There are 2 protein chains.
Amino acid sequence: MSAPKLLLVEDDSALAELLKYRFESEGYDVRVTADGEEAMMLAAEDTPDLVILDWMIEGVSGIEVCRRLRREKETAHVPIIMLTAREAEDDRVRGLETGADDYVTKPFSPRELLARVSAVLRRVRPALAGETIEVGDLKLDPVAHRVERRGRQLQIGPTEYRLIKFFMEHPRRVFSRGQLLDAVWGTGSEIEERTVDVHIRRLRKAITVDNARDPIRTVRSAGYALEPV
Amino acid sequence: MSAPKLLLVEDDSALAELLKYRFESEGYDVRVTADGEEAMMLAAEDTPDLVILDWMIEGVSGIEVCRRLRREKETAHVPIIMLTAREAEDDRVRGLETGADDYVTKPFSPRELLARVSAVLRRVRPALAGETIEVGDLKLDPVAHRVERRGRQLQIGPTEYRLIKFFMEHPRRVFSRGQLLDAVWGTGSEIEERTVDVHIRRLRKAITVDNARDPIRTVRSAGYALEPV
DNA sequence: TCGTAATATTACAAGTATGTGTCAGAAATG
DNA sequence: CATTTCTGACACATACTTGTAATATTACGA
């Protein structure tokens with residue numbers, strides 16, 4: 001999973017350090033600058049997933065940076081959270097109208113900002129906010145109904161999809177054929193247990209990608225399990 | 001352009017009236033309830049575009065309503081703005097973590113709430129705010145009611161327009177025929193699900209341009225999705 | 001090493017889902 | 001009011017999926 005890339009534009013270096021540390025420990029990839037011009041350059045050279053922007057920075061004002069980010073095609077749709085020391089409603093409204101997605105009023109706790117960032121990312125790029133399931137080199141997006149391995153889309157049928165989804169929801173655990181029939185086919189299905197073998201085979205075939213090793217473990221006389229590769 | 005549908009869950013009837021009036025005069029279509037259970041029912045029968053939810057309501061708590069909305073497939077992705085009288089950071093963070101997209105602390109001005117609503121809608125469903133949407137090589141202008149692909153105007157019928165607009169507002173996501181009927185034809189339409197196939201076919205035909213590849217993905221036994229080309 | 005039980009593989013026919021052309025009535029257009 | 005466009009439904013064609021059975025292979029204990 002690629003870490004969400006944040007661009008933090010903040011000229012209070014103590015605060016910037018604190019936030020950088022906190023966000024990085026939460027798995028974000030953070031770049032920091034105190035300067036509006038530099039912010040534009042950084043954003044241009046590697047488009048971030050989200051920008052945290054202090055309203056009051058040296059040089060170009062925060063609101064101006066916001067406007068410029070919106071104007072560039074690359075960054076037009078990158079969500080922006082503004083940090084503002086002001087309580088004035090006018091400023092908040094103006095920020096939103098300029099194209100900020102959200103703002104947080106100082107003082108705030110890192111925890112609150114984290115929650116906001118994650119809420120915004122969840123909206124914009126669900127895949128970044130953990131709505132996908134990942135097990136080893138497999139990634140499953142339930143909303144798009146897609147499974148990929150090592151970045152490669154897998155071609156997978158309905159039953160195999162349900163099967164691997166179930167496995168990915170319970171990695172490492174061994175399931176008997178009976179359990180799999182209940183979970184994937186539905187309780188009380190009248191299907192031969194041997195049939196599970198066939199679908200396991202089909203699943204294995206479907207998830208085979210550049211001869212990577214088979215992540216489905218056969219447990220003799222017990223069932224099957226998915227092992228993170 | 002169809003008016004964005006808001007669901008307001010607020011038990012202070014004076015405030016509810018005020019907001020309803022203000023939002024309606026801005027062109028929104030507003031439904032109001034003071035009750036959590038009823039809110040769920042209203043949301044189920046006609047999915048709103050955005051929910052404004054008071055944290056403290058009678059019966060089920062706001063946060064519980066939020067959680068339940070997120071749990072239902074139909075409403076899982078509807079943005080939620082919470083209204084809270086509390087300043088406590090814990091509550092705000094909890095709100096965001098439960099799945100709210102934003103919150104506004106009372107007291108607030110209708111103007112600020114309007115700005116927030118419009119910011120959230122712009123982020124989530126640009127077409128509702130009158131902005132053009134681009135998905136891959138498709139471009140849709142909701143004001144002009146036009147769709148183009150690779151700069152070429154598409155000749156497209158009313159139903160197909162609504163269909164592709166819906167798809168472009170939710171790219172990549174897979175929708176069942178039932179969901180599409182609800183979203184595009186209107187809730188409770190008595191139309192054959194197979195008819196969706198026919199319109200998908202017509203849409204595919206309409207958006208075919210210099211034999212570019214078909215951006216509509218068929219997900220067998222699940223539905224259809226629009227993939228950016 | 002061998003026999004047995006368990007699992008893997010293959011082929012296939014029946015079942016199910018989707019694609020497509022067409023039509024009659026409805027709705028929009030002028 | 002005449003004409004055109006749109007809509008929903010249906011039927012047939014096609015593509016994909018699925019469960020089973022038959023056969024091959026493998027693992028394990030005696």
Side-chain angles (χ1 to χ4, degrees), chain A residues 145-147 153-167 174-208 211-227, chain B residues 2 145-147 153-167 174-208 211 213-227:
Chain A
H145 254 256
R146 301 210 99 133
V147 190
Q153 288 290 341
L154 303 180
Q155 181 69 32
I156 216 165
T159 306
E160 281 68 59
Y161 175 80
R162 275 178 281 136
L163 190 55
I164 196 171
K165 183 168 173 224
F166 179 71
F167 273 127
V174 177
F175 296 97
S176 70
R177 294 176 175 72
Q179 289 177 306
L180 290 173
L181 283 175
D182 280 356
V184 175
W185 277 258
T187 321
S189 65
E190 303 278 310
I191 294 175
E192 286 294 318
E193 293 210 335
R194 292 273 123 240
T195 300
V196 175
D197 300 26
V198 178
H199 283 279
I200 290 285
R201 153 97 166 99
R202 287 171 179 155
L203 180 54
R204 278 176 166 149
K205 201 168 182 181
I207 66 179
T208 298
N211 49 38
R213 88 160 179 72
D214 177 14
I216 297 173
R217 181 164 66 102
T218 301
V219 182
R220 201 181 164 83
S221 76
Y224 298 94
L226 178 69
E227 301 288 330
Chain B
S2 54
H145 249 251
R146 287 190 171 286
V147 190
Q153 283 292 339
L154 301 180
Q155 182 67 32
I156 215 166
T159 305
E160 283 70 36
Y161 173 79
R162 276 177 282 135
L163 191 53
I164 197 170
K165 179 172 166 213
F166 180 72
F167 273 129
V174 174
F175 295 96
S176 70
R177 294 174 175 73
Q179 288 178 306
L180 291 172
L181 283 174
D182 280 356
V184 175
W185 276 259
T187 319
S189 64
E190 301 281 307
I191 295 176
E192 283 295 318
E193 294 210 335
R194 292 295 268 90
T195 299
V196 174
D197 300 26
V198 178
H199 284 277
I200 290 284
R201 153 102 165 90
R202 287 169 180 156
L203 179 54
R204 277 176 167 149
K205 207 167 183 176
I207 65 179
T208 298
N211 49 37
R213 87 160 181 71
D214 178 14
I216 297 174
R217 179 166 71 108
T218 301
V219 182
R220 194 164 234 263
S221 80
Y224 298 95
L226 178 69
E227 302 284 332

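Just so it is clear, the structure is predicted and the values come from calculations on it, not from any experiment. Throughout, protein chains are lettered first and strands after them, A, B, ... in sequence-line order, and every chain is numbered starting at 1.
Judged as a salt bridge (Lys or Arg N to Asp or Glu O under 4.0 Å), and not counting sequence neighbours, B:Arg146 has no contacts. Not counting sequence neighbours, the partners of A:Ala183 by the side chain to side chain contact (heavy atoms under 4.5 Å, CB included) test are A:Phe166. In this view, A:Asp182 satisfies the side chain to side chain donor-acceptor pair (under 3.5 Å) rule with no residue, not counting sequence neighbours. Residues forming a salt bridge (Lys or Arg N to Asp or Glu O under 4.0 Å) with B:Arg220 (at least two apart in sequence, or on another chain): none. Every residue two or more places apart in sequence or in another chain that forms a side chain to side chain contact (heavy atoms under 4.5 Å, CB included) with A:Arg177 is listed here: A:Glu193, A:Arg194, A:Val196, A:Asp197, A:Tyr224.
Look at CG on B:Asp197: it is 17 Å from P on C:dT16, rounded to the nearest Å. Put simply, CZ on A:Arg220 is 11 Å from P on C:dA5, counting in whole angstrom units.
Think of the region where chain B sits on DNA chain D: with heavy atoms and a 4.0 Å cut, that region ends 5' and 3' at D:dC6 to D:dT17.
Here A:Thr195 lies in heavy-atom contact (under 4.0 Å) with a base. Residue B:Glu160 is classed as a sugar-phosphate contact, given heavy-atom separations below 4.0 Å to backbone atoms only. Within the nucleic acid shown, A:Arg204 comes within 4.0 Å of sugar-phosphate atoms alone, with no base atom in reach, counting heavy atoms only. Counting any heavy atom pair closer than 4.0 Å across all strands shown, B:Tyr224 reaches sugar-phosphate atoms only and no base atom.
Positionally, the nearest nucleotide of DNA chain D for B:Val198 lies more toward the 5' end than for the other of B:Val198 and A:His199. Summary of the strand contacts: B:Arg202 and B:Thr218 both lie near DNA chain C, and taking for each the nucleotide with the nearest heavy atom, the more 5' one is attributed to B:Thr218. Each of A:Ile156 and B:Arg162 was matched to the nucleotide of DNA chain D holding its nearest heavy atom; the match closer to the 5' end belongs to B:Arg162. Between B:Val219 and A:Ile200, the residue anchored nearer the 5' end of DNA chain C, judged by the nucleotide with its closest heavy atom, is A:Ile200.
In B:Gln155, the CD atom is not crowded: 12 or fewer heavy atoms of neighbouring residues, nucleotides or ligands sit closer than 6.0 Å.
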